[in-house]
Amino acid sequence: MKILISADMEGATGVTWPADVLPGTPQWERCRALFTSDVNAAALGFLDGGADEVLVNEAHSTMRNLLLEQLDPRVRMLTGRHKALSMVEGVQHGDVDGIAFLGYHAGAGMEGVLAHTYLANQITGVWLNDVRASEGLLNARVVAEYGVPVVLVTGDDVACEDALGYAPEALKVAVKDHVSRYAAVCRTPARTAGDIRAAAKEAASLAVRRDPVDEGPCTVAVEFDAEHLAMAVTVVPGVARIGERKVAYTSGTMYEGIRTFKAVTTIASSAVEEQYG
């Protein structure tokens with residue numbers, strides 16, 4: 001049994017505000033250990049549950065945040081940029097039986113600790129086939145095309161509630177309770193490590209490959225906080241404006257859809273100017 005862990009940082013234990021997740025800050029350095037503790041707990045739980053292999057794909061920001069030396073020696077880690085499938089890189093090779101979304105968070109425009117979708121502020125909403133979408137929903141649609149079930153989701157309580165919509169059978173572990181975008185009631189790392197490990201052990205039984213899901217064309221709409229960003233991303237073929245600050249595109253598969261989304265967000269981030277956005 002092979003498990004892939006897609007590891008994001010905003011939903012990790014103790015993380016509540018931007019400095020906790022911005023590479024190079026003292027707070028980020030501190031929270032790297034908390035993030036690594038969550039990931040290691042999940043890996044140990046899956047190994048307890050019978051997994052033969054656990055691959056961790058770093059999915060946050062620079063994708064160079066986890067402390068490799070603090071992971072169990074049986075774990076392998078995919079770190080760094082750039083990757084064909086970004087947050088769920090590795091799922092496409094046909095050997096993954098289940099995936100965990102660790103440290104996930106709510107989407108742009110939603111309540112939740114550090115809620116966003118790919119870009120920290122510039123995106124105010126994303127919709128997949130007219131349903132407001134988080135990174136969890138987008139990534140769940142991608143992995144379904146490869147027949148890989150989402151078996152575990154961790155994050156704040158809002159992220160766990162969001163996961164009920166895209167991975168109802170998955171085990172959920174809330175490591176903190178949302179108070180505001182930059183505040184939460186946090187559980188200690190000793191508590192969350194135990195909770196995550198126990199849930200991952202149970203979730204291992206759900207890691208059974210399924211028939212690939214072909215849901216047909218997908219339409220993704222993205223709303224920005226400024227008009228010039230909507231204009232900038234229309235250089236991507238197939239992306240068209242549907243409003244002053246909103247664009248949309250349709251892809252034949254979610255594989256194509258997430259790659260186009262990555263192109264859109266990369267261009268939008270490069271079009272942001274200091275102070276004025």
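Predicted model, so just to flag it, every value in this text is computed and none were measured.
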Just by distance, do the side chain of Thr117 and the backbone of Ala108 share a donor-acceptor pair under 3.5 Å? yes

Using a 3.5 Å distance criterion without hydrogens, assess whether the side chain of Asp38 forms a donor-acceptor pair with backbone atoms of Ala12. no

Would you give the length of the straight line joining atom CG of Asp162 to atom CD of Glu111, rounded to the nearest 0.5 angstrom? 12.5 Å

Distance in Å, Thr266 OG1 paired with Phe261 CZ, rounded so as to fall on 0.5 Å steps: 10.0 Å

Kindly determine whether Arg197 and Asp48 satisfy side-chain contact (heavy atoms from CB on, under 4.5 Å), including the steps that lead there. CA-CA 8 Å; Arg197 184 169 183 170; Asp48 292 343; 2.7 Å; yes

Distance check, rounded to the nearest 0.5 Å: Phe224 atom CZ versus Thr124 atom OG1? 8.5 Å

So, Arg241 and Glu227, do they make that salt bridge, N to O below 4.0 Å? yes

Would Leu55 end up clustered with Met77 when hydrophobic side chains under 4.5 Å apart are linked, directly or stepwise? no

Common cluster, Leu66/Val15, ILVMFWY with side-chain heavy-atom separation under 4.5 Å: yes

Can you list the steps and then say if Tyr118 with Ser269 is a side-chain hydrogen bond (donor to acceptor under 3.5 Å, both in side chains)? CA-CA 10 Å; Tyr118 272 58; Ser269 65; over 6 Å; no

So, Asp177 side chain and Asp157 main chain: donor-acceptor pair closer than 3.5 Å or not? no

Return the CG to OG1 distance between Leu102 and Thr154, rounded to the nearest 0.5 Å. 3.5 Å

Is the number of heavy atoms from other residues, nucleotides or ligands under 6.0 Å of Glu244 CD greater than 12? no

CD/Glu69: more than 12 non-hydrogen atoms of other groups inside 6.0 Å: yes

Side chain of Thr260, backbone of Gly257: donor and acceptor closer than 3.5 Å? no

Side chain proximity check, Cys186 to Thr16, heavy atoms < 4.5 angstrom: yes

Do other residues, nucleotides or ligands put more than 12 heavy atoms under 6.0 Å from Glu53 CD? yes

Please test Gln122 against Asp225 for side-chain hydrogen bond (donor to acceptor under 3.5 Å, both in side chains), starting from the C-alpha separation and ending with a verdict. CA-CA 5 Å; Gln122 291 74 35; Asp225 65 356; 5.2 Å; no

Test side-chain contact (heavy atoms from CB on, under 4.5 Å) on Gln27 and Trp17 and set out the steps. CA-CA 9 Å; Gln27 276 298 106; Trp17 72 308; 4.0 Å; yes

Quick check: do Arg141 and Cys218 have side-chain heavy atoms less than 4.5 Å from each other? yes

Given Asn57, which partner from the list Ile99, Leu78, Val91 fulfils the side chain to side chain contact (heavy atoms under 4.5 Å, CB included) test? Leu78

Could you give me the CA-CA distance, side-chain angles and deciding distance for Val131 and Leu137, then say whether side-chain contact (heavy atoms from CB on, under 4.5 Å) is met? CA-CA 10 Å; Val131 176; Leu137 173 58; 4.3 Å; yes

Val21 with Phe101, same ILVMFWY side-chain cluster at under 4.5 Å: no

Please answer: with hydrophobic residues joined when any side-chain heavy atoms are less than 4.5 Å apart, are Met87 and Tyr146 in the same cluster? yes

Output yes when a side-chain donor or acceptor of Tyr249 lies under 3.5 Å from a complementary backbone atom of Pro237, and no otherwise. no

Asn65 backbone acceptor or donor facing Arg32 side chain under 3.5 Å: yes

Answer with yes or no whether the hydrophobic clustering places Ile196 together with Val54; edges join I, L, V, M, F, W, Y residues whose side-chain heavy atoms lie under 4.5 Å apart. yes

Only counting residues at least two apart or in another chain, list the ones meeting side chain to side chain donor-acceptor pair (under 3.5 Å) with Lys2. Asp95

I would like to know whether Tyr104 and Ser134 meet side-chain contact (heavy atoms from CB on, under 4.5 Å); could you show each step before the answer? CA-CA 9 Å; Tyr104 271 47; Ser134 62; over 6 Å; no

Glu256 with Arg259: basic N within carboxylate O range, under 4.0 Å: no

Distance check, rounded to the nearest 0.5 Å: Leu67 atom CG versus Glu29 atom CD? 7.0 Å

Which distance, rounded to the nearest 0.5 Å, do you find between the CD1 of Ile258 and the CG of Asn139? 5.5 Å

Can you name the residues that form a side chain to side chain contact (heavy atoms under 4.5 Å, CB included) with Ala203, not counting sequence neighbours? Phe46, Val151, Leu152, Leu171

Quick one: do Lys262 and Glu89 satisfy salt bridge (Lys or Arg N to Asp or Glu O under 4.0 Å)? Show the steps, please. CA-CA 13 Å; Lys262 181 63 175 176; Glu89 177 67 23; over 6 Å; no

